[in-house]
Colleague: 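The structure that follows is given in the form of structure tokens.
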2 protein chains.
Amino acid sequence: MNYLENAITCMKGNVFPISRAQKGAVIYHQNDLARFRFEVAAGVIRTTYLFADGRRQVTGFCFEGEVFGTDQGIYKTSAEVVSETARVRRFCWGDSAEDERALNKSLGLLENSILLIGRRTALSRVAAFLADIRLRTKGSQWIPLPMPRADIADYLGLTVETVSRMFSELRRKRLIAQLEDHLVQIIDQERLEALAGVGTDEIPPGHASDNFPPHRTHYPR
Amino acid sequence: MNYLENAITCMKGNVFPISRAQKGAVIYHQNDLARFRFEVAAGVIRTTYLFADGRRQVTGFCFEGEVFGTDQGIYKTSAEVVSETARVRRFCWGDSAEDERALNKSLGLLENSILLIGRRTALSRVAAFLADIRLRTKGSQWIPLPMPRADIADYLGLTVETVSRMFSELRRKRLIAQLEDHLVQIIDQERLEALAGVGTDEIPPGHASDNFPPHRTHYPR
DNA sequence: CGACGCCTTGACCCCAGTCAAGTGTGGTGG
DNA sequence: CCACCACACTTGACTGGGGTCAAGGCGTCG
């Protein structure tokens, strides 16, 4: 019985106090009734989907300030604590303005994930993954990676071996340095993002249809 | 100037009349100011993200009754008409209850997409893609695929050649039949979904932590 | 100490990307 | 009407990237 609720003291109203949970703790299960949404106060959360055949898809990681559990009705994924310890704030649905902000945050995270996973080569995926986390953890050169390699693999649609090899490759190319398995330093951010093919949004807003006619047929691979 | 707005007559209030748009029409561009959200009344829409290097990620397809353009602030993707013609209903942000429903629909679509794209083999991706569309177009054996193969490829992270080969493979295995390039019949739904590895949610809700202890380490590949 | 979890590395091989050619269809102009 | 081209889809041959299997290094725990 690993439910976070055990450790939570309920309060009247929509907002609950921040509560602690340890590594491996399950905050909610896929298919549970979705009564709450959450915001990460500290630590890292992963959301996972288990297929009937046992295969697993990690659908995302949530860092400080990010939200999860915004499904309505029933949770489609499970949420588990990745870091040694995490602190999360629990919300009831209710305050519309607040709810909408939460939903939008979730949407943004998911959109990013698709752009990440859709990448072609393994090296590009891992590079983009690191670049993405760097941004989301507010840009320090030191990137915390509390999740095991298997989580990264199941997130990017790769195997642990390949993920490991790509980290080694990035080290060999002097783009990153690893202090420990779960602490990475970005040495050459520019080349890393080039590898990642970061879409730095150079497409101008507004009436860009002149640049990209609607019937364009060929895109680079 | 392919903007849908040209064809739209504005009305006071939040809801606009349903408007028509032809194949290839751009409803909004990536990086445009996000003033509206949309619901598909007929036809098919695709949302795409263009990287700076010209590569393209199709982030989703929207069928009748589904919503798109729920980004807040700035559209992260472009939305284009895929089918010969489409009809979309435009909404302003405002009615909180309605807004929340729209956001939730979008969220569900994106979550599904991640589960689709995360699959390992090409055959599994295409099979899951077809199974998914069958569900979303309300279960007829006849599946409309108005989008070109290139769109499917850019959606699943494959190449057109591979997508084409997988369709042929599915035909050879007698799982599907193709009347034309863009109309597919599912012959053997069961085996198709088996290939897709459809997660038919056999994991019981509630306190399932006994079945899936938090520290489980090995998952099938 | 051994057992186990997690990560890494190597060897091998197959799946899917690449390059190329062929087919069928629709549009355009002579 | 046909000639020609553009486009979308398919298929084949080849190759390389990444999956698979196996072994080994650490760190932690009992």
Side-chain angles (χ1 to χ4, degrees), chain A residues 23-24 46 55-56 58 82-84 117-127 129 145-173 176-184 195 197 213-221, chain B residues 22-24 46 55-56 58 82-84 117-127 129 145-172 176-184 195 197 213-221:
Chain A
K23 180 177 182 177
R46 71 165 169 255
R55 270 174 26 256
R56 185 181 71 149
V58 172
V82 160
S83 47
E84 275 313 315
I117 301 176
R119 291 218 169 40
R120 292 268 147 73
T121 72
L123 195 60
S124 170
R125 292 188 198 194
V126 173
F129 174 71
L145 292 177
M147 68 291 286
R149 297 287 189 266
D151 285 358
I152 302 176
D154 286 345
Y155 178 53
L156 298 177
L158 301 170
T159 61
V160 275
E161 294 95 330
T162 300
V163 170
S164 179
R165 269 187 267 268
M166 294 308 110
F167 273 100
S168 301
E169 174 98 18
L170 291 175
R171 244 183 291 121
R172 215 174 307 122
K173 287 182 190 286
I176 65 169
Q178 276 178 266
L179 266 220
E180 343 157 359
D181 284 350
H182 299 284
L183 187 57
V184 167
L195 256 186
H215 285 294
R216 177 180 185 180
T217 56
H218 292 310
Y219 293 88
R221 306 205 155 176
Chain B
Q22 288 178 338
K23 180 177 180 175
R46 71 164 169 256
R55 269 173 28 254
R56 186 180 70 148
V58 173
V82 161
S83 46
E84 275 312 315
I117 300 175
R119 289 214 170 42
R120 293 267 149 72
T121 72
L123 194 61
S124 170
R125 291 187 198 194
V126 173
F129 174 71
L145 291 177
M147 67 292 285
R149 298 285 188 267
D151 285 359
I152 302 177
D154 285 346
Y155 178 53
L156 298 177
L158 301 171
T159 62
V160 278
E161 294 95 329
T162 300
V163 170
S164 178
R165 268 187 268 266
M166 295 307 110
F167 273 100
S168 302
E169 174 96 20
L170 291 174
R171 245 184 290 123
R172 215 174 308 123
I176 66 170
Q178 276 178 265
L179 267 219
E180 341 157 0
D181 285 350
H182 299 284
L183 188 56
V184 167
L195 256 185
H215 285 296
R216 177 178 185 181
T217 54
H218 293 311
Y219 294 88
R221 308 206 152 176

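Chain A is the first sequence line, chain B the second, and so forth, proteins listed ahead of strands; every chain is numbered from 1. Because the structure is predicted, anything quoted here is derived from the model rather than measured.
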Colleague: Using a distance-only criterion (donor-acceptor N/O pair, under 3.5 Å, no hydrogens), is the base of D:dT20 paired with the side chain of A:Arg165?
Modeller: yes
Colleague: In whole Å, what is the span from the CG atom of B:Leu123 to the P atom of C:dA16?
Modeller: 8 Å
Colleague: Give the rounded distance in Å between these two atoms: CD of B:Glu161 and C1' of D:dT15.
Modeller: 14 Å
Colleague: Would you say D:dT10 has OP1 or OP2 under 4.0 Å from some side-chain N or O of B:Ser164?
Modeller: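 So the side chain of B:Ser164 is within the cut-off, an N or O lying under 4.0 Å from OP1 or OP2 of D:dT10.
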Colleague: Any chance you could measure B:Ile176, atom CD1, to B:Ser168, atom OG, to the nearest 0.5 Å?
Modeller: 8.5 Å
Colleague: Give the rounded distance in Å between these two atoms: CZ of B:Phe167 and P of D:dA8.
Modeller: 16 Å
Colleague: Distance-only, no hydrogens or angles: does the A:Arg125 side chain make a donor-acceptor pair with backbone N or O of A:Leu156 under 3.5 Å?
Modeller: yes
Colleague: Whole angstrom is fine here: how far is it from CZ in B:Arg120 over to C1' in C:dC15?
Modeller: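 Answer to the nearest Å: 14 Å.
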Colleague: About how many Å separate CZ of B:Arg171 and CE of B:Met166, when rounded to the nearest 0.5 Å?
Modeller: 11.5 Å
Colleague: Would you indicate what B:Gln178 reaches in the nucleic acid, counting non-hydrogen atoms under 4.0 angstrom: base, sugar-phosphate, or nothing?
Modeller: sugar-phosphate
Colleague: Could you tell me the separation between the CZ atom of A:Arg171 and the P atom of C:dT9, rounded to a whole number of Å?
Modeller: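 A:Arg171 atom CZ is separated from C:dT9 atom P by 6 Å.
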Colleague: Would you tell me if any nitrogen or oxygen in the side chain of B:Thr159 comes within less than 4.0 Å of OP1 or OP2 on C:dA16?
Modeller: no
Colleague: Starting the side chain at C-beta, find the nucleotide from C:dA16, D:dG18, D:dA8 nearest to B:Pro148.
Modeller: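 Nearest nucleotide to the side chain: D:dA8.
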Colleague: So does B:Ser168 get a side-chain nitrogen or oxygen closer than 4.0 Å to the phosphate oxygens (OP1/OP2) of D:dT11?
Modeller: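 So the side-chain polar atoms of B:Ser168 do come within 4.0 Å of the phosphate oxygens OP1 or OP2 of D:dT11, strictly under.
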Colleague: Please determine if A:Arg165 and A:Glu161 form a salt bridge, counting it only when a charged side-chain N lies under 4.0 Å from a carboxylate O.
Modeller: no
Colleague: B:Glu84 CD to C:dG26 P: how many Å, rounded?
Modeller: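 Taking atom P of C:dG26 as the reference, CD of B:Glu84 is at 12 Å.
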Colleague: Is any side-chain heavy atom of B:Val126 closer than 4.5 Å to one of B:Leu158?
Modeller: yes
Colleague: Taking atom P of D:dT28 as reference, at what distance in whole Å does atom CD of A:Glu180 sit?
Modeller: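 The answer, rounded to whole Å, is 11 Å.
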Colleague: Taking only the side-chain nitrogens and oxygens of A:Thr121, find out if one of them lies under 4.0 Å from OP1 or OP2 of D:dG17.
Modeller: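 No.
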Colleague: Reckon B:His182 has a side-chain N or O less than 4.0 Å from the OP1 or OP2 of D:dA8?
Modeller: no
Colleague: Nearest-Å distance, CG (B:Leu156) to P (C:dA16)?
Modeller: 12 Å
